[in-house]
Amino acid sequence: MLSKSPKKAGEPFRKRLHQFLLRPRVARVVVLFKVTVVQAAIVLLVFGVHQRYFSVRYREVPLSLAASFLAVQAALIVAQLLVSTAIKHRSSISGSDSDQVSPTIRKYLSAHLAGDNHYRELTTLSVWHRGDVQRCLTEFLGAVDGGSRFRLQELAVRLGLPWVWEKFARFGTTAQRRDAAYRLGLLGMQEYRRTVIGMLNDPAPHVQAAACRALLAIGRSGDADRVVRFVLDAPLLVRAILAPELRSYQSAARPVILETLSGLPMQDAELQTRSITALEMATAWQIALPLSSLNPALVHASAQLRAAAFRALAPLGSTPGVDLWIFAGLADPDLHVRSEAAAAARRIRLQSAIPALESLLSGESAKGRPLREACRALAAMGPTGWEVLEDRVQSTDRELASNALSALAAAQVGSAELLEVA
Amino acid sequence: MNAWSIDWELVDILVHRVYFFFESGIIFYVFTINAIYFFLTVAAFFCIRRYHSVFTDDEKDLLMKSPLTPGVSLIVPSYNEAKTVRESVGGMLRLQYPNYEVIVVNDGSKDETLAILIEQFKLYRSARTVSGSLHTSQIRAVYESRDPIRLLVIDKENGGKADAINAGINAAQSPYVMVVDSDSLIEKDALFNMIKPCLEEPELTVAVGGTVRAVNDCDVAHGRVRRIRTSGSWLANFQAVEYLRAFFGGRVGFSVLNSLLIISGAFGLFRRDAVLAAGGFEESTIGEDMELIVRMHHYYRRNRLPYRIVYVAQPVCWTEVPDSLKILHRQRKRWQRGTVESLWRHREMLLHPKFGMVGLFAFTYFFLFEMLGPAVELLGYVLTALGLAFNIIAPEIAILFFSVSVMGGILLSTSAVLLEEFTKCRYPDWRDTWKLFAAAVLENFGFRQLLTWWRVQGLIDGLKGKRGGWGVMERRGFKVVAR
């Protein structure tokens with residue numbers, strides 16, 4: 001066991017308390033409480049100065065209080081100036097220090113990776129330049145693999161860094177917790193898996209995303225499944241950050257998505273939201289779901305769910321049955337669903353949908369996104385679709401003519417010449 | 001003594017009492033406004049690091065590749081911006097974000113704005129049309145670029161800034177629209193920082209405001225601020241301090257209470273469907289930015305729909321502040337008029353419990369202190385002068401109370417300068433910080449009083465319902481340096 005985390009009595013309660021305090025509404029109340037305490041402290045300071053000093057000079061209380069207030073304000077202003085200057089001075093020193101010491105740290109780390117033992121030098125540097133050592137070690141952890149990685153892990157443990165990161169993971173600010181999750185993930189040691197799993201419950205989406213990535217990196221079997229399930233309920237920020245990374249875990253994601261969709265005929269609102277998210281992730285990862293699993297979503301009462309299901313049709317390509325669904329979608333009462341059906345027709349280049357797409361160029365669909373998607377879909381169909389659009393270019397309906405021309409321009413070579421007005 | 005003779009002693013007592021009644025009222029008023037603003041500023045100290053964290057480079061790389069990162073349409077209303085449009089639009093086309101388009105709306109400029117855009121970005125007149133649900137003045141032409149850049153330029157009849165923005169919203173194809181002034185430079189990763197609250201709570205977040213700061217005398221190259229510094233002009237520095245106070249002090253605090261009443265028209269991100277639901281930007285008011293936000297609060301609260309309007313400190317938009325008194329005068333009168341118009345239109349929200357913290361706190365604060373504040377402050381100066389002239393108050397007392405009021409203002413300004421240290425875009429040199437602190441002190445001796453007088457003029461114009469345009473905004477242009 002390489003970890004050095006000291007156990008303290010009462011830690012689970014402290015952690016629960018910290019998690020409670022991080023909830024947005026509670027955090028807001030805490031901020032207001034802190035502000036009130038600060039203002040009360042200033043008022044007490046003013047009264048203190050009034051009692052001790054100015055009440056002797058000025059007999060009238062309002063005058064004495066005003067003078068005390070003036071003195072306290074002046075002191076605060078001077079203090080702010082000094083603090084501001086100190087912060088600037090410190091950052092310029094630490095900046096130039098960092099520039100000077102980082103090459104040395106990197107040199108020792110490289111040599112350590114090559115087999116030399118520079119533990120003593122790095123320990124000394126870690127005492128005075130902990131942040132720089134952490135940063136450089138993190139860079140190296142992200143760049144190496146195999147035996148070198150093991151040497152870095154061992155070094156990190158001997159320097160006590162995982163213990164620091166675990167502490168920040170529990171009690172740090174949002175940025176510190178996020179960085180801690182990221183570093184524990186890069187470290188990739190099973191000993192810290194529990195800590196990372198615990199961070200999935202963090203209220204900050206940034207931290208959740210970093211914890212998911214860390215869990216994938218630490219990588220026990222079953223963790224990809226856990227992450228996919230987590231992501232389906234997570235905020236969009238988490239899903240957006242993880243979408244590129246989870247592409248390589250499609251084999252884990254597919255069963256989870258299918259399981260979510262299998263509950264669909266039910267009208268439960270939470271399940272609907274989850275299903276929409278599952279379909280959104282399937283689309284993002286270009287996962288081809290069986291048509292039978294999409295059927296309940298394609299006919300669902302919720303237009304949002306139907307639209308998401310049509311978006312997920314594209315990876316199926318020209319699978320038998322898809323064309324019938326697209327025809328149904330192009331005739332859907334909801335305009336948003338029709339737009340998605342048109343986009344699906346475009347992606348799979350469904351030639352047989354041309355007449356149905358042409359029908360979208362008139363009536364209530366002939367504006368905004370449905371019109372735009374219908375024109376784009378027709379443009380993607382090749383010469384047959386182009387003919388339909390060329391007929392519309394001269395239309396008196398300016399929006400229709402403009403969209404038809406834009407779609408043709410995008411599909412054909414020399415687009416600028418096509419759109420340019422003499 | 002007969003019935004008609006005047007008891008001067010009685011009159012003297014009465015005058016003193018009335019005088020002290022009003023003077024005490026004004027002192028209480030000034031104390032309250034400073035206390036509230038100080039409350040908001042202290043809240044900002046606790047929130048600015050907790051709530052305003054930015055994406056790491058690693059996260060930005062992932063978001064660049066993510067198919068779930070939402071698209072954004074940047075709408076850039078332009079009127080007579082020949083001096084700055086090349087740099088600002090050029091910078092906007094080089095932002096770090098995967099999916100965005102830039103829509104410049106030339107609102108009937110009388111200078112070479114359009115010609116510069118055509119020449120710089122190789123535009124051709126396109127057969128594309130712009131149509132949408134928001135009514136705007138006539139579109140003359142639409143231009144696109146021969147280069148593979150996502151730039152659309154709409155040339156239209158002059159209709160005002162709100163009208164131009166509405167035309168841009170009609171043309172926008174992304175779910176989010178961001179309004180940026182064409183005399184502004186935005187940070188390379190500004191879109192990521194602005195979209196962050198929308199990614200956290202996409203269903204709730206309808207509008208996001210960023211920070212606007214003064215770019216005067218900063219080094220600019222290729223549409224980016226390369227070196228931040230204070231200006232050689234004290235007038236610009238006073239405004240730089242004022243902006244820091246307004247954004248870092250005021251808006252962070254209001255955002256925490258979910259009662260932000262204004263998002264700067266120079267730099268705001270909106271969910272497109274939310275803007276359309278609220279009816280778009282209002283053309284008949286000069287303060288279209290504030291009016292839209294107040295209207296959005298009104299709409300969502302009246303219909304009991306969950307929403308949030310937030311401010312994020314980190315994304316910065318750099319803009320040129322007026323460095324002549326004449327232009328500044330016009331600007332401040334316009335801003336005050338806009339405040340009066342926006343508040344007056346939605347006056348039913350004042351102290352109305354149905355509108356929650358917005359009606360009970362934010363609207364009331366803006367009504368009593370931002371709208372009426374200049375008049376009360378001016379009355380305070382007049383009463384103090386009268387009191388001294390007629391020996392009603394002793395000079396030491398007048399100086400003492402004036403100092404307390406001025407010190408309160410200085411403390412708020414210096415707090416904002418200190419808050420700036422906790423953000424990404426800091427002045428690198430300690431000399432700049434000292435200059436800002438000096439500006440925070442000096443602005444209270446002349447500049448603030450001048451602003452008060454101009455704001456009173458704006459208040460009177462607003463109450464009279466006086467219509468007026470933007471006037472001529474003279475630009476110096478950015479200080480462009482070789483890279």
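In the text below, chain A, chain B and the rest are named by the order of the sequence lines, each starting its count at 1. All heavy atoms count here, side chains included; hydrogens, waters and symmetry mates do not. Please read all numbers here as calculations on a predicted model, not as lab measurements.
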Would the number of heavy atoms belonging to other residues, nucleotides or ligands and lying under 6.0 Å from CD of A:Q304 be above 12? no

Taking every non-hydrogen pair under 4.5 Å, which of B:F55, B:Y143, B:F38 racks up the most with chain A? B:F55

Return yes when atom CZ of A:R398 has more than 12 non-hydrogen atoms of other residues, nucleotides or ligands closer than 6.0 Å, and no otherwise. no

Need one label for A:I42: side chain, backbone, both or neither, based on atoms under 4.5 Å from any heavy atom in chain B. side chain

State the OG1-CD1 distance between B:T56 and A:I241, to the nearest 0.5 angstrom. 7.5 Å

Pick from A:H89, A:K367, A:R178: which one has the most heavy-atom pairs with chain B under 4.5 Å? A:R178

Check: A:R28 side chain, B:V256 main-chain N or O, donor-acceptor pair, under 3.5 Å: yes

Chain B heavy atoms under 4.5 Å from A:Q73: which part of the residue, side chain, backbone, both or neither? both

Is there side-chain contact between A:V38 and B:F45, with at least one heavy-atom pair below 4.5 Å? no

Tell me, for A:Y58 versus chain B, whether the close heavy atoms (under 4.5 Å) come from the side chain, the backbone, both or neither. neither

Got more than 12 heavy atoms from elsewhere within 6.0 Å of CZ, B:R245? yes

Exam field: side chain A:K88 to backbone B:Y427, donor-acceptor pair closer than 3.5 Å: yes

Go through A:E399 and B:T129 one step at a time and tell me if the side chain to side chain donor-acceptor pair (under 3.5 Å) criterion holds. CA-CA 6 Å; A:E399 191 180 353; B:T129 60; over 6 Å; no

Using non-hydrogen atoms only, which part of A:T283 is less than 4.5 Å away from chain B: side chain, backbone, both, or neither? neither

Working to the nearest 0.5 angstrom, can you tell me the gap between A:L236 CG and B:C198 SG? 9.5 Å

Region of B:S133 in contact with chain A, defined by heavy-atom distances below 4.5 Å: neither

Would one find more than 12 heavy atoms of other residues, nucleotides or ligands at under 6.0 Å from atom NZ of B:K60? yes

Chain B contact via A:R372 - side chain, backbone, both or neither, heavy atoms under 4.5 Å: side chain

Could you look at A:A209 and say if it's the side chain, the backbone, both or neither that has a heavy atom under 4.5 Å from chain B? neither

Decide yes or no on side-chain contact (heavy atoms from CB on, under 4.5 Å) for A:F69 and B:F31, but give the supporting numbers first. CA-CA 11 Å; A:F69 201 39; B:F31 180 79; 3.9 Å; yes

Is any side-chain heavy atom of B:T414 less than 4.5 Å from a side-chain heavy atom of A:L81? no

A:E245 side, atom CD; B:L62 side, atom CG - distance, nearest 0.5 Å: 5.0 Å

Salt bridge or not for B:D58 and A:R213, using N-O below 4.0 Å? yes

If I take atom OG from residue B:S66 and atom CG from residue A:L242, how far apart are they, to the nearest 0.5 angstrom? 9.0 Å

Counting heavy-atom pairs closer than 4.5 Å to chain A, which one of B:M407, B:E201, B:K65 comes out on top? B:M407

Which region of B:F39, side chain (C-beta onward) or backbone (N, CA, C, O), has a non-hydrogen atom less than 4.5 Å from a non-hydrogen atom of chain A, or is it both or neither? both

With a 4.5 Å limit on heavy-atom distance, are the side chains of B:P67 and A:R247 in contact? yes

Checking side-chain contact (heavy atoms from CB on, under 4.5 Å) for the pair A:V35/B:L40: CA distance, chi angles, key distance, verdict? CA-CA 8 Å; A:V35 171; B:L40 294 170; over 6 Å; no

Do B:R128 and A:S402 meet the criterion of a side-chain donor-acceptor pair at a distance under 3.5 Å? no

Go through the atoms of B:P428 and report whether side chain, backbone, both or neither lie under 4.5 Å from a heavy atom of chain A. backbone

Drop me the distance from B:L419's CG to A:Q80's CD, to the nearest 0.5 angstrom. 8.5 Å

If I compare all heavy atoms of B:A127 with all of A:L405, which pair ends up nearest, and what's the gap? CB-CD2, 3.1 Å

Less than 4.5 Å apart, side chain to side chain, heavy atoms only: is that true for B:E59 and A:H206? yes

Out of A:I77, A:I87, A:V393, return the one with the most heavy atom pairs under 4.5 angstrom to chain B. A:I77

Measure the spacing between CG of A:L32 and SG of B:C47 and express it to the nearest 0.5 Å. 8.0 Å

Side chains of B:F437 and A:S84, heavy atoms from C-beta outward: is any pair under 4.5 Å? yes

Heavy atoms only, distances under 4.5 angstrom: which of B:D429, B:V441, B:V417, B:L257 has the most pairs with chain A? Name it, please. B:D429

